[in-house]
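Scroll down for the structure; my scribbles are underneath it.
Just so it is clear, the structure is predicted and the values come from calculations on it, not from any experiment.
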Amino acid sequence: MECSGVGLHSGAPVNLRILPAAAGSGIIFRRVDLEGFEVEAISRNVARVSYATSLMKRGVLISTTEHLLSALIGTGIDNAIIELDNLELPILDGSARPFLDLIHKVGIRKQRRGRVYLRILRELELREGNKFIAVYPAENYSVSYTVNFPHPLIGKESFSVDLSDGNYLSEIAPARTFGFLHEAEAMRQQGLIRGASAENAIVLTQDGILNPPLRFADEFVRHKVLDLIGDLALLGKQILGNVVADRAGHAMHTALVSRLLRDRTLWEETALEEEDSRSSPHLLHAAAAQTL
C-alpha cells in the first residue's frame, strides 16, 4: 500500500508505504532514506509540537504524523510499519480519508493475540488559560471537542463522537485541515506550510472560504477531533475513556498523553472478555488486535 505527495510544512516530496507488522509491535515509522532507521509512535519520542505532531529519536525526525495515526486508530489497526523516504508524511488532501481508502483497498486481518486496552480509572484535567483537555472513565472511547475562532464561518463549534460504533470513516476521516489566508505569509517565514495549497487545506479568507464547498458545516471542529484521535494514538494502546477538549491543540493533546503515562494510578491495562459480543461489521470494532 503506497502513496506519494508533499509535506504540509516542509513542502518536500515523499513516498509512503504501509506494511503489516507482528502482533504487539505497535505503530513504527521507518525512514528508508536513512538506512531503515525506526521511530516508534509512542509518547517518549514526541518532538516539536506546534502546528503538527512530530516524533524524533536520536536526531531522526518524523513530522506531521497525526492524520495517519488517526486513520489507523479509526480502523482499529494496532500494528503497522510505515515506511517513508523523507522527514514529513504526505498531506494528501488534508484529511485522513485518503489513508483510509488505501487501507481498505488492501484490507485488514485480525491477529490471534487479543487487544489490550488502556482503561481510564480516574479523571485527569489539564488547563492552560482558556484551553482545556481532560479524560474521564467510560466504557467506550468517545471524544468531545469545542473550538472558538473569530471567523464568521466558525465561531464556537462543538462535536462529539463515540468511536465504538464505527462512524469514524463517515463522520471524522473526511474533515480537512484548515488555515487563514492572512496568516499564511508569516507562517511561511517561520518555515511552515510550504506545501500548503487549496488542494490540501481549507483556506479561510477574512469573511469566507477561498476553496468551497465544505464537506461538513462544522468541518473545522471535526478536524480537531481527527487530530486529537491521532495524537492520543501515542499512548501506544487504544483507550477506554471519554476525552473532552476545549480550544486545545497538539501541545495539550500530547501533554495529556504524557501525564497519563506518568501516573499509573490513572489507568489499567485490560482485555475485553465480551469483545466478541460487542463487535460489529465496522473495521474499528473488530474482535482482536489487527494489522494490515
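The closest side-chain heavy-atom distance from Leu260 to Ile120 is below 4.5 Å. A heavy-atom distance below 4.5 Å is found between the side chains of Leu234 and Thr53. Taking 4.5 Å as the limit, some side-chain heavy atom of Ile18 sits within range of a side-chain heavy atom of Leu68. Looking at heavy atoms from C-beta onward, Leu204 lies in side-chain contact with Ile209 at the 4.5 angstrom threshold. At least one side-chain heavy atom of Cys3 sits under 4.5 Å from a side-chain heavy atom of Pro90. Using a 4.5 Å heavy-atom cutoff, the side chains of Ile28 and Ile82 are not in contact. The closest side-chain heavy-atom distance from Val161 to Arg222 is not below 4.5 Å. Contact of the Phe159 side chain with the Lys224 side chain is not registered, since no non-hydrogen atoms from C-beta on lie closer than 4.5 Å.
Side-chain N or O atoms of Glu88 include one that pairs as donor or acceptor with a backbone N or O of Ser10 at under 3.5 Å. Put simply, the side chain of Arg31 gets close to the backbone of Leu61: a donor and an acceptor are under 3.5 Å apart. The main-chain N or O of Ala173 is found under 3.5 Å from a side-chain atom of Ser95 such that the two form a donor-acceptor pair. Judged purely by atom type and a 3.5 angstrom limit, Asn211 uses its side chain to pair as donor or acceptor with the backbone of Ala201. Put simply, the side chain of His151 gets close to the backbone of Thr205: a donor and an acceptor are under 3.5 Å apart. Judged purely by atom type and a 3.5 angstrom limit, Asn140 has no side-chain atom pairing as donor or acceptor with the backbone of Ser164. Of the possible donor and acceptor atoms, none in the side chain of Tyr145 sits under 3.5 Å from a partner among the backbone N and O of Val243. Under the 3.5 Å distance criterion, the side-chain polar atoms of Asn45 are matched with a main-chain donor or acceptor of Glu40. The backbone N or O of Ser25 sits less than 3.5 Å from a side-chain atom of Asn79, completing a donor-acceptor pair. Between the side chain of Asp78 and the backbone N or O of Gly26 there is no donor-acceptor pair closer than 3.5 Å.
Residues Phe216 and Leu228 fall into different hydrophobic clusters, defined by Ile, Leu, Val, Met, Phe, Trp and Tyr side chains chained together at heavy-atom separations under 4.5 Å. Residues Ile229 and Leu126 share a single hydrophobic cluster, defined by chaining ILVMFWY side chains whose heavy atoms lie under 4.5 Å apart. Hydrophobic clustering keeps Leu92 apart from Leu87 (ILVMFWY residues linked when any side-chain heavy atoms are closer than 4.5 Å, directly or through intermediates). Hydrophobic clustering of Ile, Leu, Val, Met, Phe, Trp and Tyr side chains at less than 4.5 Å, counting indirect connections, unites Leu261 with Leu55. Under a hydrophobic-cluster definition in which Ile, Leu, Val, Met, Phe, Trp and Tyr are linked whenever side-chain heavy atoms come within less than 4.5 Å, directly or via other members, Ile77 and Ile42 are assigned to different clusters.
What you find for Arg30 and Ile81 is that their closest heavy atoms are NH2-CD1, 3.5 Å. Taking all atoms of both residues into account, the shortest heavy-atom contact from Val116 to Glu269 is CG1-CB, 3.7 Å. The two residues Val257 and Asp231 come nearest to each other via the heavy atoms CG2-O, 3.7 Å. For the pair Ser197 and Val203, the tightest heavy-atom approach, listed with the atom from each and the gap, is O-CG2, 4.4 Å. Across Gly195 and Asn200, no two heavy atoms sit closer than the pair O-ND2, 2.9 Å. Residues Asn86 and Ala12 share a closest heavy-atom pair of ND2-CB, 3.6 Å.
Under the side-chain hydrogen bond (donor to acceptor under 3.5 Å, both in side chains) rule, Ser158 has a single partner from Thr146, Asn148, Asp218, Asp246, which is Thr146.
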Run the side-chain contact (heavy atoms from CB on, under 4.5 Å) check on Val143 and Ile172 step by step: do they pass?
-> CA-CA 11 Å; Val143 174; Ile172 302 299; over 6 Å; no

Could you go through the side-chain contact (heavy atoms from CB on, under 4.5 Å) check for Ile193 and Arg188 one step at a time?
-> CA-CA 6 Å; Ile193 66 167; Arg188 288 193 178 96; 3.9 Å; yes

Audit row: Phe220, Leu214, side-chain contact (heavy atoms from CB on, under 4.5 Å) steps and yes/no = CA-CA 9 Å; Phe220 309 99; Leu214 292 174; 3.8 Å; yes

List the steps, then state whether side-chain contact (heavy atoms from CB on, under 4.5 Å) holds for Gln238 with Ile73.
-> CA-CA 7 Å; Gln238 298 200 31; Ile73 291 292; 3.9 Å; yes

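Of the inter-residue distances, the one linking Leu72 atom CG with Ile27 atom CD1 reads 4.5 Å to the nearest 0.5 angstrom. Distance check, rounded to the nearest 0.5 Å: CH2 of Trp267 to CG of Asp263 gives 9.5 Å. Taken from CG in Leu240 to CD in Glu268, the straight-line distance is 9.5 Å, to the nearest 0.5 Å. A distance of 4.5 Å separates OG1 in Thr75 from CD1 in Ile108, rounded to the nearest 0.5 Å. The distance from the CG atom of Leu84 to the OG atom of Ser4 is 11.5 Å, given to the nearest 0.5 Å. Atom CZ of Arg97 and atom NE2 of His104 lie 12.5 Å apart (nearest 0.5 Å).
Ring pair Phe180/Phe149 is tilted by interplanar angle, where 30° to 60° counts as tilted. In this structure, His253 and His250 have perpendicular ring planes: the angle between them is above 60°, well past the 30° mark. Aromatic ring pairs are classed by plane angle as parallel below 30°, tilted from 30° to 60° and perpendicular above 60°; the pair His67 and His223 is perpendicular.
In the model, Asp162 has no side-chain atom that pairs as donor or acceptor with a side-chain atom of Ser142 under 3.5 Å. Side-chain polar atoms of Tyr136 and Glu125 form a donor-acceptor pair below 3.5 angstrom.
More than 12 heavy atoms of other shown residues, nucleotides or ligands fall within 6.0 angstrom of atom CZ in Arg215. Under a cut-off of 6.0 angstrom, the local environment of OH in Tyr51 is sparse, with at most 12 non-hydrogen atoms contributed by other residues, nucleotides or ligands. Residue Glu35 qualifies as open at atom CD: its count of foreign heavy atoms under 6.0 Å is 12 or below.
Arg17 is linked by a side chain to side chain donor-acceptor pair (under 3.5 Å) to Glu83, counting only residues two or more places apart in sequence or in another chain.
Residues Tyr141 and Tyr168 keep their aromatic ring centres 6.0 Å or farther apart.
A salt bridge links Glu139 with Arg119; the closest basic N to acidic carboxylate O contact falls under 4.0 Å.
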